[in-house]
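Data first, discussion second: the structure below is written as structure tokens.
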Amino acid sequence: MEIYKLTVEELLTLFRDGKLKVEEVINVFKERINKIDENVKAFISVLEPDTPEIDAKLSGIPYALKDNILAKGTRTTCASKILENYFSVYDATVTKKLKDSGAILIGKTNLDEFAMGSSTENSAFFTTRNPWDLSRIAGGSSGGSAAAVACREVPFSLGSDTGGSVRLPAAFCGVIGFKPSYGLVSRYGLVAFGSSLDQIGPITHSVRDTALITQLIYGKDPNDSTTVDIELDFLRDIEEGMPGMKFALPKQFLEDTLDDEIANALKKLIKILESNGGKVEEVDIPSLKYVVAVYYIIAPAEASSNLARYDGIKYGLRSKKEDLNSTYISTRGEGFGEEVIRRIMLGTFTLSAAYYDAYFDKAQKVRTIIKNSLNEIFEKYDAIISPTSPVVAPKIGEIKDPLTYYLMDLYTIPANLAGLPAVSIPIDFQNGLPIGIQIMGKRFEDPKVLRIARSVEKALDILDETGHLPVPEF
Ligand code: GLN
């Protein structure tokens, strides 16, 4: 038995039956990191884990956090020079919940600076490589978290998803990435990017693990006023299948000619859904045409406001100059990378008095239209299906202009704009590269989304002889 290939649930069973010791498991994953990470470069920091003394739900399970989520005493860099030496002074709510569950944090993972990007090429430190092909990107912005799970350096990790950052890298790396409904998981202790869009979500290699982890991290939190008081059971109905369910496939998602391998993956999904009692129909959602434009006004506007706090006085890097104003200016100029500066400038522009009505205000109105039209779909359908990305993982350095990356987010952004739950799950491999598909559901019907994903997972023909998703060779 290769321990590193086991899911969280399987590890827990072996612990419970006394067949496996926590120390053993920690060593296995530490050795994987030692062996693999100089090639994959998923981690910004690897920690010396303590073994927990508590006996709780996840006791002994190692995991990794995206390096924009605080864990007291660890460096939280956001992959930015401006926070290079910033140490977290408290635990994020998710970190605390996992700690209380007995999970063991063994590292902080790489990302695009402040989670802005789709490739981790925007990290100020290094680019994470795709474990399936080291010359390709792992995706982003949670590229480190997805790559770490893909090569089984950890059994699960957390990422953050503002416009697809959990789902896109999960798709590129052949693992499962879930963005819960807006308001389900507390963002207290997540470094804010776009506050009306950000959610934390798990990356795993089994849908049941996704449900298990979400169950432990969700819930009302007095420290994040956007969290809702709602009781959900993510595992109860997960094996119930999808008889009689109806799935909508927006025709706007098919307009730009899809790469063959993506189109085939979608066909494969439709076949699985239909042969398991589901029904798939094409639907027309005209407002989906505007999702990328709307997102790239709202997200940078919110970012420009959220990132105002990095001024060289309160946090991190300080480039000391004669007077206060020059200190601000040169700290921000030296501390932020190109993409972050681009977003701050875009955001400042669309929020400025002269352009507010034409851009920010209009984008908010279109966002409402998009939200309403998606909600209408859920009156008739159980879920909306799509690819997760229009392409497989590109080569590192291949895409030079930011717009090409922005356009890649078209399938993932709607869930953030409308606060909906969405999961990416691997469906196929083409030329050795994984392809993910997305299932998006009604707000707070997260358990249903995972139940559908579980049914799809059971029907996959890419699982190995032990029923696990395939693991890249190292
Ligand atoms: N690619 C998107 C962006 O660059 C999504 C980022 C995210 O979800 N954090 O903004």
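Every number for a ligand or one of its atoms is a count from 1 in the order of the listing. Every heavy atom of this structure was used, including side-chain atoms; hydrogens, water molecules and symmetry mates were not. Quick caveat: nothing in here was measured; it's all calculated off a predicted structure.
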Fit a plane to each ring of Y218 and F234, take the angle between them on a 0 to 90° scale, and name the class: parallel (under 30°), tilted (30 to 60°) or perpendicular (over 60°).
perpendicular
Can you establish whether the number of heavy atoms outside E282 located under 6.0 Å from its atom CD is more than 12?
yes
Without placing hydrogens or testing angles, list every side-chain donor-acceptor pair under 3.5 Å for residues 139-147, not counting sequence neighbours.
unit_1 : atom_1 : unit_2 : atom_2 : d
S141   : OG     : K66    : NZ     : 2.8
S141   : OG     : A115   : O      : 3.4
S141   : OG     : S165   : OG     : 2.7
S142   : OG     : K66    : NZ     : 2.9
S142   : OG     : S160   : N      : 3.4
S142   : OG     : S160   : O      : 3.2
S142   : OG     : S165   : O      : 2.9
S145   : OG     : T109   : OG1    : 2.8
S145   : OG     : L158   : O      : 2.9

Would you call D161 and R167 a salt bridge, using N to O less than 4.0 angstrom?
yes
Work out which heavy atom in I200 is nearest to a heavy atom in S186; give both atom names and the distance.
CD1-O, 3.5 Å
Close residues, ligand 1: non-hydrogen atom nearer than 4.0 Å:
A115, M116, G117, S118, S141, D161, T162, G163, G164, S165, F193, Y295, Y296, R343, D409
Determine whether L197 and Y295 make a side-chain contact, defined as any pair of heavy atoms from C-beta on separated by less than 4.5 Å.
yes
